[in-house]
J.: 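Pasting a structure below so you can have a look.
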Amino acid sequence: MLLPPRLLNLPLQDAIKEELQNIFLDKVISKLGLCISIYDIRKIDGGFISPGEGASTYTVEFRMIVFRPFVGEIISAKLKESTADGLHLSLGFFDDINIPAGLIQKPSRHVPDPENRYKVLWVWEFNGEEFFVDGIDEIRFKVISVAYPPTPIEQQGEPFAPMVITGSIDGDGLGPVSWWQ
């Protein structure tokens, strides 16, 4: 790793941690997950300065905290958007969670949202009662897949999501937490 000259006034450990955070923090590493934090630095070797560069080169062994959900994991999230295609959820630090319409509790249907004409409310019908996915409660979902789409050559339309989680709320205990209280 190259350590820029602007960081050489800091203690070596702090300077390297700051540069590692600049490189990895809040970035998705394909097939690994979203880097949340640099946990610790275990080993630093080197300190060579290449002619004409001004930056010192180090070999660094470190650990980082990564958000990498596994298939079958149950996670609680907040409703970000509800459309006829399904639900879009957010963890606050990660927003690319989709619950397709086919993976919502059955039997379900969507009705127009009275507060937003461009959105819908999903309704689960159970024992003659209607249960709404209205965004008030946290929503428990089961991870069905975690995908790392290839990076597009040109950006088109919506922002690119380097990691996408597909989930399901079709099962006991899944969906808004108020359904199960």
J.: Are D95 and S90 close enough that a side-chain donor and a side-chain acceptor fall under 3.5 Å?
T.: yes
J.: Is there a donor-acceptor pair under 3.5 Å between the side chain of K17 and the backbone N or O of L12?
T.: no
J.: Can you find a heavy atom in the side chain of V133 that is under 4.5 Å from one in the side chain of L121?
T.: no
J.: Could you tell me whether E19 and R6 make a salt bridge, using a distance below 4.0 angstrom between a side-chain N and a carboxylate O?
T.: yes
J.: Between V66 and I36, is there a side-chain heavy-atom distance shorter than 4.5 Å?
T.: no
J.: Give a yes or no answer on whether the side chain of Q105 reaches the backbone of G175 with a donor-acceptor pair at less than 3.5 Å.
T.: no
J.: Between atom NZ of K80 and atom NE2 of H88, what is the distance when rounded to the nearest 0.5 Å?
T.: 8.5 Å
J.: Is I23 reachable from L3 through a run of hydrophobic residues whose side-chain heavy atoms are each under 4.5 Å from the next?
T.: yes
J.: Is the backbone N or O of A84 less than 3.5 Å from a side-chain atom of W122, with the two atoms forming a donor-acceptor pair by type?
T.: no
J.: Are any non-hydrogen side-chain atoms of Y148 and M163 less than 4.5 angstrom apart?
T.: yes
J.: Salt bridge check, R68 against E73: does any charged N sit closer than 4.0 Å to a carboxylate O?
T.: no
J.: Any side-chain heavy atom of N98 within less than 4.5 Å of one from L87?
T.: no
J.: Should L79 and I139 count as side-chain neighbours, where that means a heavy-atom distance under 4.5 Å?
T.: yes
J.: Please assess F141 against I74 for the test side-chain contact (heavy atoms from CB on, under 4.5 Å), listing each intermediate value before the final yes or no.
T.: CA-CA 6 Å; F141 70 96; I74 306 295; over 6 Å; no
J.: Which heavy-atom pair separates L174 from W179 by the least distance, and what is that distance?
T.: O-CE3, 3.8 Å
J.: Restricting to non-hydrogen atoms, name the atom on S76 and the atom on R140 that form the minimum distance, rounded to 0.1 Å.
T.: OG-CG, 3.4 Å
J.: To the nearest 0.5 Å, what is the distance between CG on D113 and OG on S82?
T.: 7.5 Å
J.: Heavy atoms only: give me the nearest I75-L91 pair and the separation to one decimal.
T.: CG2-CD2, 3.6 Å
J.: Would you give the length of the straight line joining atom CD1 of I169 to atom NZ of K142, rounded to the nearest 0.5 angstrom?
T.: 13.5 Å
J.: Can you tell me how far apart CZ (R63) and OG (S37) are? Round to the nearest 0.5 Å.
T.: 11.5 Å
J.: Which label fits F67 and F93: parallel for a plane angle under 30°, tilted from 30 to 60°, or perpendicular past 60°?
T.: perpendicular
J.: Can you see which heavy atom on V146 is nearest to which on P69, and at what distance?
T.: CG2-O, 3.5 Å
J.: Would you call K78 and E138 a salt bridge, using N to O less than 4.0 angstrom?
T.: no
J.: Going hydrophobic residue to hydrophobic residue with side-chain gaps under 4.5 angstrom, can you get from Y39 over to V60?
T.: no
J.: Same cluster or not: are I41 and L10 linked, directly or through other Ile, Leu, Val, Met, Phe, Trp or Tyr residues, by side-chain heavy atoms under 4.5 angstrom apart?
T.: yes
J.: Can you name the nearest heavy-atom pair linking R42 to D40, along with the distance?
T.: CG-OD1, 3.7 Å
J.: Within a strict 4.5 Å, meaning less than it, do heavy atoms of the Q13 and I44 side chains meet?
T.: yes
J.: Is the shortest side-chain N to carboxylate O distance from K43 to D45 below 4.0 Å?
T.: yes
J.: Would a hydrophobic clustering, with Ile, Leu, Val, Met, Phe, Trp and Tyr connected at side-chain separations under 4.5 Å, put I49 with L8?
T.: no
J.: Below 4.5 Å, heavy atoms only, C-beta onward: do C35 and D26 meet side chain to side chain?
T.: no
J.: Between K106 and I104, does a side-chain contact (heavy atoms from CB on, under 4.5 Å) hold up when you go through it step by step?
T.: CA-CA 6 Å; K106 294 172 185 64; I104 295 175; over 6 Å; no
J.: Would you say S178 and D137 are linked by a side-chain donor-acceptor pair, where the criterion is simply a distance under 3.5 Å?
T.: yes
J.: Hey, what do you get for CD1 (I16) to OG (S56), rounding to the nearest 0.5 Å?
T.: 8.0 Å
J.: Below 30° counts as parallel, above 60° as perpendicular, anything between as tilted: where do the rings of W124 and W180 land?
T.: tilted
J.: Specify the closest pair of heavy atoms between A15 and L7, including all atoms of both residues, with the distance to one decimal.
T.: CB-O, 3.4 Å
J.: Quick check on side-chain contact (heavy atoms from CB on, under 4.5 Å): which of L25, L20, L32 does M64 satisfy it with?
T.: L32
J.: Going from CD1 on I99 to CG on D170, what distance comes out if it is rounded to the nearest 0.5 angstrom?
T.: 10.5 Å
J.: Is there a side-chain contact between I29 and F24 in this structure, where contact means two heavy atoms from C-beta onward sitting under 4.5 Å apart?
T.: yes
